[in-house]
**Student:** 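Below are the structure tokens for one structure; questions will follow.
Only heavy atoms go into these numbers, but all of them, side chains included; no hydrogens, no water, no symmetry mates. Counting begins at 1 with the first residue of the sequence.
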Amino acid sequence: MRPIRAFALTACIALALAACKQNASNAASTAPATPAPAATANDDAALDKAVDAFIDGYFQHNPVFAASAGKHEYDGKLPDYSPEGLKATADWLHAQRDAFAAFADDKLDEQGRFRRDYALAVIDGNLFWLEDSGFAYNNPGFYTGDLSPSMYLTRPYAPLATRMDAFIRYQEALPKAIAQIKANFKLPLPASYIDLGVNSFGGYASFFASDVPKIFAEVKDDALQARLKASNAAAVKATQEMADWLKAQKPHATQDFALGAEKFAKMLHATERVDIPLDQLKAAGEADLARNLASLKSACDQFAPGKTLQQCMDKDNADKPQGGAVEGARAQLAGLRQFIVDKDLVTIPGPEQAKVEEAPPFNRWNFAYIEIPGPYEKNLPSVYYIAPPDPSWPKAEQDAYVPGKSALLFTSAHEVWPGHFLQFLHSNRAGWKFGQLFVGYAFAEGWAHYTEEMMFDAGLDGATPEVHIGQLSEALLRDVRFLSAIGLHTGGMTMAQSEKMFREQGMQDPGNARQQAARGTYDPAYLNYTLGKLMIMQLREDWTRDKGGRNAWKQFHDQFLSYGGPPIPLVRAQMLGGAPEAKLWTAPAAAPATSPSAAPTPASTAVPQG
């Protein structure tokens with residue numbers, strides 16, 4: 001539950017936006033249009049040194065983050081999860097916050113102020129998850145990202161024997177880390193948190209036992225193989241015992257997962273610089289859900305006249321990708337990339353491609369995700385993972401879990417072209433290392449979700465009713481996540497009520513609905529998909545208004561991606577001038593436009609940042 005680098009994004013990207021004659025090396029620091037206070041002394045060089053020191057210190061406290069970014073001197077290391085270790089990290093973050101806050105506006109130029117505010121947002125987000133959320137003491141999700149061994153197994157950054165040695169050192173550190181995690185948990189735990197932990201740690205145990213020996217079998221080094229045999233046995237034992245211990249807590253499980261309104265609002269400000277009151281956020285989410293349900297009805301009237309919305313969705317979902325979801329996604333990527341080129345929607349800054357693979361057993365709590373090499377890596381593949389259905393589910397639910405072609409098309413757009421993968425092609429070419437490393441949840445997921453509707457509006461696959469239904473299935477899923485996060489954590493919503501909403505208004509299959517309702521309890525920030533999308537849609541409308549509207553989309557996309565991954569209100573201030581501000585796009589009161597050729601005219605709710 002740290003700032004994302006299971007993603008890690010940009011800062012300044014080498015773009016040449018001819019229309020505004022922007023210097024590529026300064027893309028991440030585009031100045032606000034409004035004048036700032038004149039600097040009486042320049043502390044920008046000192047700020048740069050403070051940023052470099054922060055990155056170095058962050059790597060020390062978060063060695064998995066460092067190794068994932070490509071700093072392989074940290075390979076095999078895990079954080080200190082003891083109470084003393086967590087306190088040391090929190091104390092360090094507070095000291096860093098004080099140091100950055102001491103850089104006054106009148107001592108920095110416009111770029112310096114943006115970078116200072118970006119750093120403060122990263123620090124505040126870390127402190128929220130570490131101190132305010134309580135997740136270090138009850139939520140396995142706080143730790144499981146750090147424990148993933150994927151980079152050693154799937155990322156060919158070094159010869160297999162070298163990565164095997166790093167993996168062994170990781171496994172050797174694992175039993176101590178798990179013991180610290182177990183000691184941190186304050187019983188009783190919420191039921192959904194227990195299930196997450198059982199599935200994650202049990203998945204690790206299964207994966208270590210059945211897959212790891214085969215992965216490293218070709219390494220002909222007897223000493224390494226002997227070490228692996230010992231470390232793997234200890235890791236299997238530690239992870240399975242943790243899964244069993246968590247399972248033993250089930251009889252005492254609670255439903256006490258809610259953050260509460262005060263913490264939830266603090267989360268939004270600390271992590272995304274959003275201060276919109278919760279009732280206004282909820283209203284915006286309800287409006288977007290209504291818009292997308294109305295669009296679904298319109299598309300279904302053409303695709304499946306006389307059928308209910310669920311029957312229409314079932315008909316669309318029945319057209320499965322040939323060879324399954326993984327093969328289907330592989331077949332879609334080339335077409336998505338070519339569509340971006342043909343429509344000139346956004347710059348593709350390099351030749352890299354993404355692979356598609358089945359998700360490993362320890363990371364199947366969501367249907368799809370992508371792992372992208374960090375900014376210190378060079379010429380390494382990214383992997384778009386797709387999870388199979390849970391084999392314990394009834395066969396009908398397993399079949400329904402595999403999406404139809406149209407829904408999978410927009411999942412592939414979200415993960416690869418032009419979503420996360422393209423975003424990281426930009427970010428890993430950025431000029432400011434901090435922006436490459438630290439990308440917020442709403443920026444990353446907001447962009448990826450935004451691109452789904454943008455691609456449909458640009459005419460993807462002919463923008464037929466079937467294609468529209470696929471796009472809307474993704475939009476409805478994210479709308480219900482938005483409302484479930486608010487409801488589960490501030491409104492007394494139960495998991496059963498959330499699951500019902502995913503089924504009846506999100507139009508999700510039973511297995512996915514269960515997964516999504518559970519995820520909302522341990523990932524309260526999953527409202528950021530829709531939150532980020534709506535902020536980007538409003539920013540696009542405002543920025544392109546006097547630049548040609550639809551004709552300026554590519555220019556808008558390139559500039560938006562140039563800032564790294566700060567809170568979107570900071571990006572808005574950079575692109576439009578003025579103070580950081582959260583503005584959400586909402587549809588007009590009239591029926592939503594169904595033509596993909598025209599972007600709708602927005603209404604907006606805005607709350608200035610305090």
Side-chain angles (χ1 to χ4, degrees), residues 295-296 299 302-303 313 315-359 367-372 381-388 401-426 444-445 447-475 477-478 529 533 550-551 553-554 556-558 561 594-599:
S295 293
L296 179 63
Q302 299 173 67
F303 177 65
M313 294 285 285
K315 178 183 176 182
D316 190 63
N317 198 50
D319 185 13
K320 302 292 186 182
Q322 186 173 357
V326 171
E327 288 300 322
R330 287 173 179 157
Q332 291 171 342
L333 295 187
L336 286 166
R337 188 184 189 280
Q338 191 60 47
F339 181 80
I340 295 167
V341 173
D342 291 345
K343 294 293 184 177
D344 202 24
L345 294 172
V346 58
T347 296
I348 298 176
E352 295 92 332
Q353 301 287 338
K355 298 163 59 178
V356 187
E357 303 289 351
E358 183 175 290
F367 174 69
Y369 66 99
I370 190 166
E371 285 192 0
I372 299 172
S382 298
V383 184
Y384 162 26
Y385 287 106
I386 295 177
Y401 185 79
V402 178
K405 291 178 184 176
S406 64
L408 182 64
L409 180 66
F410 289 96
T411 301
S412 297
H414 179 105
E415 300 296 343
V416 184
W417 299 115
H420 294 314
F421 179 67
L422 177 61
Q423 183 184 0
F424 283 99
L425 291 187
H426 281 272
E445 293 296 358
W447 166 260
H449 184 35
Y450 158 82
T451 66
E452 299 163 18
E453 186 165 345
M454 182 272 291
M455 291 284 274
F456 174 78
D457 287 343
L460 181 63
D461 265 19
T464 63
E466 298 98 308
V467 172
H468 201 186
I469 291 164
Q471 180 260 315
L472 290 167
S473 71
E474 299 295 285
L477 167 66
R478 276 51 173 269
Y529 292 77
K533 173 185 174 179
R550 169 67 179 82
N551 292 330
W553 277 14
K554 181 181 182 182
F556 169 77
H557 295 149
D558 285 355
L561 290 176
T594 57
S595 169
S597 61

**Student:** Please test Glu352 against Ser382 for side-chain contact (heavy atoms from CB on, under 4.5 Å), starting from the C-alpha separation and ending with a verdict.
**Tutor:** CA-CA 9 Å; Glu352 295 92 332; Ser382 298; over 6 Å; no
**Student:** Restricting to side chain to side chain contact (heavy atoms under 4.5 Å, CB included), what partner residues turn up for Asp316, sequence neighbours left out?
**Tutor:** Phe303, Ser406, Glu466, Ile469
**Student:** What's the shortest heavy-atom distance between Val356 and Ala329, and which atoms?
**Tutor:**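 For Val356 and Ala329, the tightest heavy-atom pair comes out as CG1-CB, 3.9 Å.
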**Student:** For Tyr450, check ring-ring contact (aromatic ring centres under 6.0 Å, His included) against everything at least two apart and list the hits.
**Tutor:** Trp447, His557
**Student:** Indicate yes or no: at least one non-hydrogen side-chain atom of Val346 is less than 4.5 angstrom from one of Asp558.
**Tutor:**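 A side-chain contact under 4.5 Å exists here.
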**Student:** Between His426 and Thr347, is the side-chain contact (heavy atoms from CB on, under 4.5 Å) condition met? List the steps.
**Tutor:** CA-CA 9 Å; His426 281 272; Thr347 296; 4.1 Å; yes
**Student:** Where do Ile370 and Tyr385 land on the side-chain contact (heavy atoms from CB on, under 4.5 Å) test, with the steps shown first?
**Tutor:** CA-CA 6 Å; Ile370 190 166; Tyr385 287 106; over 6 Å; no
**Student:** List for me each residue that meets ring-ring contact (aromatic ring centres under 6.0 Å, His included) alongside Phe421, sequence neighbours excluded, and say none if there are none.
**Tutor:**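 Phe421 satisfies ring-ring contact (aromatic ring centres under 6.0 Å, His included) with Trp417 only.
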**Student:** If you draw a 6.0 Å radius around NZ in Lys355, do more than 12 non-hydrogen atoms from other residues or ligands fall strictly inside?
**Tutor:**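 For Lys355, atom NZ is not crowded (no more than 12 foreign heavy atoms under 6.0 Å).
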**Student:** Output all residues satisfying side chain to side chain contact (heavy atoms under 4.5 Å, CB included) with Ala448, sequence neighbours left out; order by chain, then residue number.
**Tutor:**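 In terms of side chain to side chain contact (heavy atoms under 4.5 Å, CB included), with neighbours along the sequence ignored, Ala448 is linked to His414, His420, Glu445.
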**Student:** Give the minimum heavy-atom separation between Phe339 and Leu460, together with the two atoms involved.
**Tutor:** CZ-N, 3.4 Å
**Student:** Can you name the closest pair of heavy atoms from Thr411 and Tyr384 and give their distance?
**Tutor:**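 Here Thr411 and Tyr384 meet closest at CG2-OH, 3.6 Å.
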**Student:** Return the minimal non-hydrogen interatomic distance between Gly328 and Leu408, and the atom names on each side.
**Tutor:** C-CD2, 3.9 Å
**Student:** When rounded to the nearest 0.5 angstrom, what is the spacing between CD in Gln471 and CD in Glu453?
**Tutor:**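 One gets 5.0 Å once the value is rounded to the nearest 0.5 Å.
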**Student:** Hey, what do you get for CD1 (Ile348) to CD1 (Ile340), rounding to the nearest 0.5 Å?
**Tutor:**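 Here the rounded value is 5.0 Å.
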**Student:** If you take all heavy atoms of Pro321 and Gly404, which pair is closest and at what distance?
**Tutor:**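 Here Pro321 and Gly404 meet closest at CD-C, 4.2 Å.
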**Student:** Which pairs of donor and acceptor atoms, one on a side chain in residues 331-338, lie under 3.5 Å apart (sequence neighbours left out)?
**Tutor:**
unit_1 : atom_1 : unit_2 : atom_2 : d
Gln332 : OE1    : Ser412 : OG     : 2.9
Gln332 : NE2    : Lys405 : O      : 3.2
Gln338 : NE2    : Asp342 : OD1    : 2.8

**Student:** I'd like to know whether Arg478 forms a side-chain contact (heavy atoms from CB on, under 4.5 Å) with Lys533, so could you lay out the CA-CA distance, the side-chain angles of the two residues, the decisive distance to 0.1 Å, and finally the verdict.
**Tutor:** CA-CA 10 Å; Arg478 276 51 173 269; Lys533 173 185 174 179; over 6 Å; no
**Student:** Please name all residues satisfying side chain to side chain donor-acceptor pair (under 3.5 Å) with Asp344, sequence neighbours left out, ordered by chain then number.
**Tutor:**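 If we apply the side chain to side chain donor-acceptor pair (under 3.5 Å) test to Asp344, skipping adjacent residues, the hits are Lys554.
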**Student:** Who pairs with Glu358 by side chain to side chain donor-acceptor pair (under 3.5 Å), at least two apart in sequence or on another chain?
**Tutor:** Arg364
**Student:** What pairs meet the salt bridge (Lys or Arg N to Asp or Glu O under 4.0 Å) rule with one or both residues in residues 410-420, with sequence neighbours excluded?
**Tutor:**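 Sorted pair list comes back empty.
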**Student:** Do any N or O atoms from the side chain of Thr451 and from the backbone of Met454 form a donor-acceptor pair under 3.5 angstrom?
**Tutor:** no
**Student:** If I compare all heavy atoms of Phe367 with all of Tyr401, which pair ends up nearest, and what's the gap?
**Tutor:** CA-OH, 3.4 Å
